[in-house]
There are 2 protein chains.
Amino acid sequence: MALGKDYATQECSIARALEIVGERWTLLVVRDALYGVRRYNDFLVHLGVPRAVLSARLKTLTEEGILEKRRYQESPPRDEYVLTERGIALWPALRALGLWGREHFTERPLRRFQHVNCGTELGPYGECPACGTFVPAADVLSVPGEGLDPDPADPVSRALLKPKRLLEPIEIEHG
Amino acid sequence: MALGKDYATQECSIARALEIVGERWTLLVVRDALYGVRRYNDFLVHLGVPRAVLSARLKTLTEEGILEKRRYQESPPRDEYVLTERGIALWPALRALGLWGREHFTERPLRRFQHVNCGTELGPYGECPACGTFVPAADVLSVPGEGLDPDPADPVSRALLKPKRLLEPIEIEHG
DNA sequence: CTTCTTGGTTCAATCACTGAACCTAGGGTG
DNA sequence: CACCCTAGGTTCAGTGATTGAACCAAGAAG
């Protein structure tokens, strides 16, 4: 979003939410974090976003308590960005938005989501039709769909080709 | 969203969705349309958005099949913008986003949503806990919450103070 | 004939995004 | 020690989107 990211006159929690996550690239950063991306460089190559924008988004997301920056090694010092509870709570919204995009603007599903306990594909509201419960993000298994490029260029997309739980960190193959 | 509203490298239905509705103000226009706002001037005063931006958003939303422009009187010729099926299908995403905003960034609820059949307040996923079904937008009753300004300046906000079904056109009091 | 309403368009100023270049701290190699 | 590499940034000029104010037009109303 550009120029005055706030919606001053709007007395509305949707507007409040959009002030936080409504800027360009922000929700895609959160999506990647749900998919298990954690490191600056992985966000960078996977999103294709300018570094300045990525830095700014990671900063505000951290300040708003959606991501947490934490040290994962001391020498050399390196940090990673991990979703907080507040960030994980965006999963239903992203799920709903993604489903809308798929149903109205994409031919074949790019990614399917299953309940990890029973393998059942999630219903439209993120519920498990078999178990009759809403599936928390950590119990969602993401499996690649037919529409997905089977041989992507960047290592992050390649790592995301394996079935994998949400939030579980991705494993990059080097070489 | 600014500058290149597309996410070319993103093979993802969330990115597809955001290309359509991710620009600044767009989701708030859809929200207002769900609340029953239909006319150019009503969007204008309620959103406080520049006219040029509103015109642009209404145009793309119409082109993308989310709104439909239709004549509501012949003399003088006047058009209104009404949500299509595709637009109404954004309700779960807006509901999820609004709930996230409310739970994490707003003290008191600004608006409550009930199942019109039984009066039960909707659950977090837009379901009716009493009936056990997902409530379509047209069957959602919007009632003002404690956090809402009881005497707003613009006539659209005043019209939205009454309990009202989603999608049902607002009634502006003149004078 | 003048004014009001509705629904816009135009335009300069401002601000955000982009892409490329540069920077820094810490390793690793010869 | 000299050199290159990686991860994680910052800086900056150019471009594009947003803003707010002004202007426009068609029909109705007085």
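The analysis underlying the following values was restricted to heavy atoms, covering all of them including side chains, and did not include hydrogens, waters or symmetry mates. Below, read A as the first sequence line, B as the second, and so on, with proteins coming before strands; counting in each chain starts at 1.
For the pair A:R78 and A:Y40, the cation-pi test (distance below 6.0 Å, angle within 45°) is failed. Judged by a 6.0 Å distance limit and a 45° cone about the ring axis, A:R57 is not positioned over the six-membered ring of A:Y81. Judged by the 6.0 Å and 45° rule, B:R86 forms a cation-pi pair with A:F105. Taking the ring axis of B:Y35 as reference, the NZ or CZ atom of B:R111 stays within 45° of it and closer than 6.0 Å to the ring centre.
Under 4.0 angstrom from either OP1 or OP2 of D:dT19 there lies at least one side-chain N or O belonging to B:R24. One finds no side-chain N or O of A:W25 lying less than 4.0 angstrom from the OP1 or OP2 phosphate oxygen of C:dA16. A sub-4.0 Å separation between OP1 or OP2 of D:dT10 and a side-chain N or O of A:S55 is present. Phosphate proximity of C:dC17 to A:R57: present, with a side-chain N or O under 4.0 Å from OP1 or OP2.
Distance B:L54 CG to C:dT6 P: 15 Å, rounded to the nearest Å. Spacing between atom CD of A:E19 and atom P of C:dA16 amounts to 14 Å, rounded to whole angstrom units. Rounding to whole angstrom units, NZ of residue A:K59 and C1' of C:dA16 are separated by 15 Å. Separating the CD atom of A:E23 from the P atom of C:dT18 is a distance of 11 Å, rounded to the nearest angstrom. Computed from coordinates, the A:R51 CZ to C:dT24 C1' distance equals 12 Å when rounded to whole Å.
For the residue pair B:R16 and A:T106, no side-chain donor N or O sits within less than 3.5 Å of a side-chain acceptor on the partner. Checked by atom type, the side-chain pair B:R39/B:Y72 shows a donor-acceptor distance below 3.5 Å.
Counting only heavy atoms from C-beta outward, the side chains of B:E146 and B:R112 approach each other to under 4.5 Å. Annotation: side chain of A:L54 is not in contact with side chain of A:W25 (no heavy-atom distance under 4.5 Å). For the pair B:R38 and B:R70, the minimum side-chain heavy-atom distance is below 4.5 Å.
For DNA chain C, no neighbouring residue in residues 38-45 of chain A is found when judged by any heavy atom under 4.0 Å. Scanning residues 75-84 of chain A for heavy-atom distances under 4.0 Å to DNA chain C yields A:S75, A:P76, A:P77. Listed by residue number, the members of residues 62-73 of chain B with any heavy atom below 4.0 angstrom from DNA chain C are B:K69, B:Y72.
Using a 4.0 Å heavy-atom distance criterion, B:A52 is classed as a base contact.
A:L99 and A:F134 are assigned to two separate hydrophobic clusters, defined by single-linkage of ILVMFWY side chains at heavy-atom distances under 4.5 Å.
Ion pairing of B:R165 with B:D139 is present here, as a side-chain N (NZ or NE/NH1/NH2) and a carboxylate O approach within less than 4.0 Å.
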